[in-house]
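Because only heavy atoms are used, hydrogens play no part in the values below, and waters and symmetry mates are left out as well, while side chains stay in. All residue numbers in this chain count up from 1 along the given sequence.
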Amino acid sequence: MQDVSTLVARAREGAPRAVARLISLVEGASPQLREVMAALAPLTGNAYVVGLTGSPGVGKSTSTSALVSAYRRQGKRVGVLAVDPSSPFSGGALLGDRVRMSEHASDPGVYIRSMATRGHLGGLAWSAPQAIRVLDAAGCDVVLVETVGVGQSEVEIASQADTSVVLLAPGMGDGIQAAKAGILEIGDVYVVNKADRDGADATARELNHMLSLGESRAPGDWRPPIVKTVASRGEGVDEVVEALEKHRAWTEEHGVLAERRLARAAREVETIAVTTLRERIGDLHGDRRLGALAERIIGGELDPYRAADELVAGLTRG
């Protein structure tokens, strides 16, 4: 068993091994997880969480690495959670994003952690919210969360980030097709990466047109900017940081940041509660209470909804 208070103290001092151990406890759903979260709670709420999402091949990892460099030039400590898909066969993951960001590996002001989805949908790992909290408590000024390559509906990052960045790239078929529906609606900042390729201007124009067809905005509402970058050469990255800072200022001024963080905390509590109930229900297979309810349903004495109500009531009573 790890001494949680010592791990937290060392993480606050910037010890990467302590941060790594805390995230490992989170990922493994350790019996010490509750103790870890209780110790971290008073230390959180300071990091600015930026989510980066987009289709495979748009340059998310390269863009993330470029943003790390830009924030480090400002003297900020940066944490990175790079989520990789798990194999549906072996359950393993390549975790290659860390390789792409190797230039920051020796920087004590940067912490990079690759996480596998382990079958969780939505573009993130199930333990991402707690891992973000670890990096926040460890003193990171900015936490960059890079999702797996997502499609049109895997938009969970919008519920975890203070600001969501959607990346596109020209030359990958219909760029707007890749960003339409749910993805098109979650962006606070849009980035057309690989802008040195043919079609970048057309992609930006199409995106601007699609955004203009979206929901009407009142005066003073946030209008997502579109920034063109060549992340591999660092071009346009400072403009992305500027757009992120403008969005942060706007969310703070209009109370949106507080609302997002409140909603994020509420969802996290709900998820933990539902997971706990699901585990307790799973333990009931073969339990006489579940069997008795099933018999009453078969006998026409009870409908499934009332049976479920009785089951939940029994579980919540302990």
Report task. Mind checking salt bridge (charged side-chain N to carboxylate O under 4.0 Å, His left out) for Arg264 and listing every partner two or more places apart, or none if nothing turns up? Result -> Asp162
Query raised in the report: Are Glu268 and Arg133 within salt-bridge range, i.e. N to O under 4.0 Å?
Result: yes
Query raised in the report: Do Pro31 and Leu33 come close enough that some side-chain heavy atom pair is under 4.5 Å?
Result: no
Query raised in the report: Are side-chain heavy atoms of Leu52 and Thr147 found at a separation under 4.5 Å?
Result: no
Query raised in the report: Does a side-chain N-to-carboxylate-O contact under 4.0 Å join Arg296 and Glu310?
Result: yes
Query raised in the report: Can you check whether Asn193 reaches Val58 side chain to side chain, under 4.5 Å on heavy atoms?
Result: no
Query raised in the report: Do Thr203 and Lys228 touch side chain to side chain, with heavy atoms closer than 4.5 Å?
Result: no
Query raised in the report: Going by the angle between their ring planes, with limits at 30° and 60°, are His247 and Trp222 parallel, tilted or perpendicular?
Result: perpendicular
Query raised in the report: Quick one: does Asp136's side chain get under 4.5 Å of Val49's, heavy atoms only?
Result: no
Query raised in the report: Is the shortest distance from a Lys or Arg side-chain nitrogen in Asp107 or Arg77 to a carboxylate oxygen in the other one below 4.0 Å?
Result: no
Requested in this report: Find out whether Val241 and Leu67 are in side-chain contact, i.e. whether some heavy atom of one side chain is under 4.5 Å from a heavy atom of the other.
Outcome: yes
Query raised in the report: How about Arg113 and Glu27: do any of their side-chain heavy atoms sit closer than 4.5 Å?
Result: yes
**Report entry** Rounded distance [0.5 Å steps], OG in Ser5 versus CD in Glu35
**Finding:** 7.5 Å
Query - Check against side chain to side chain contact (heavy atoms under 4.5 Å, CB included), Val166 and Ile186 - result: CA-CA 8 Å; Val166 175; Ile186 69 167; 4.0 Å; yes
Report summary line: Taken in chain and number order and not counting sequence neighbours, the residues that satisfy salt bridge (charged side-chain N to carboxylate O under 4.0 Å, His left out) with Glu245 are Lys76
